[in-house]
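Because the structure is predicted, anything quoted here is derived from the model rather than measured.
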Amino acid sequence: MVLVDKKILLGGIAMLAVGGALLGYLNSTVPAGHAGMTEEEMLDLMIREQENQNMNTLAGILFGVGFLLVLISFGARRKNRGSPKKLEEKPTE
């Protein structure tokens, strides 16, 4: 039996799915230029490329945090709410 915190695991899987979908979409819609563009069109293209790169970075961070949550969920232990706390007894001298 593997100790897994299901809430953290499901949250991590959801973040992985959303981050992966965003990465796939953003990589498929890279803005492209063409020959003979005016100065205004080149400036607009550069702005769209920078926005795409920034969104790609954010999607990568989301994917990475989701992956870390999945890993953390395998080491997380839940507190036993019904069991009494263990008290240490001091040895008598």
Side-chain angles (χ1 to χ4, degrees):
M1 184 169 132
V2 179
L3 295 174
V4 177
D5 191 349
K6 292 179 184 175
K7 289 181 183 178
I8 296 176
L9 179 66
L10 292 177
I13 290 172
M15 291 176 84
L16 277 173
V18 171
L22 283 174
L23 282 172
Y25 173 74
L26 290 171
N27 286 329
S28 68
T29 59
V30 176
H34 54 83
M37 291 175 29
T38 65
E39 189 75 26
E40 185 177 319
E41 289 174 330
M42 287 192 319
L43 183 61
D44 186 46
L45 175 64
M46 288 173 33
I47 290 172
R48 286 188 289 139
E49 285 176 342
Q50 186 64 41
E51 287 175 350
N52 189 315
Q53 183 179 3
N54 292 343
M55 293 298 290
N56 205 345
T57 302
L58 289 175
I61 291 171
L62 181 65
F63 188 84
V65 170
F67 181 71
L68 286 176
L69 281 178
V70 169
L71 291 179
I72 289 170
S73 71
F74 286 104
R77 296 178 189 249
R78 296 191 126 214
K79 293 181 180 177
N80 293 336
R81 297 178 188 194
S83 66
K85 294 181 181 178
K86 296 179 182 177
L87 297 176
E88 264 186 51
E89 295 181 17
K90 295 182 181 177
T92 56
E93 294 179 19

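- To the nearest 0.5 Å, the span separating CG on Leu68 from OG on Ser73 amounts to 11.0 Å.
- Leu23 and Gly60 make their closest contact through CD2-N, 3.9 Å (heavy atoms, listed as atom of the first residue, atom of the second, distance).
- Atoms CZ and CG, from Phe63 and Leu22 in turn, are 11.5 Å apart once rounded to the nearest 0.5 Å.
- The line from CG of Leu26 to CD of Glu51 is 11.5 Å long, rounded to the nearest 0.5 Å.
- Put simply, Ile47 and Met55 are part of two different groups of oily side chains (I, L, V, M, F, W, Y) that touch within less than 4.5 Å, one to the next.
- Taking 4.5 Å as the limit, every side-chain heavy atom of Asn52 sits out of range of all side-chain heavy atoms of Glu49.
- Ile61 is connected to Val18 through a chain of hydrophobic side-chain contacts under 4.5 Å among Ile, Leu, Val, Met, Phe, Trp and Tyr, so both are in one cluster.
- Note on residues 8-22: no pairs pass side-chain hydrogen bond (donor to acceptor under 3.5 Å, both in side chains), not counting sequence neighbours.
- Leu45 belongs to a hydrophobic cluster whose other members, connected by ILVMFWY side-chain contacts under 4.5 Å either directly or through intermediates, are Met37, Met42.
- Here the side chains of Leu69 and Met15 are in contact, with some heavy-atom distance below 4.5 Å.
- Atom CD of Glu41 sits about 10.5 Å away from atom CD of Glu39, to the nearest 0.5 Å.
- Rounded to the nearest 0.5 Å, atoms CD1 (Ile72) and CD1 (Ile8) are 7.0 Å apart.
- Considering NZ of Lys6 and CD1 of Ile13, their distance stands at 12.0 Å, rounded to 0.5 Å.
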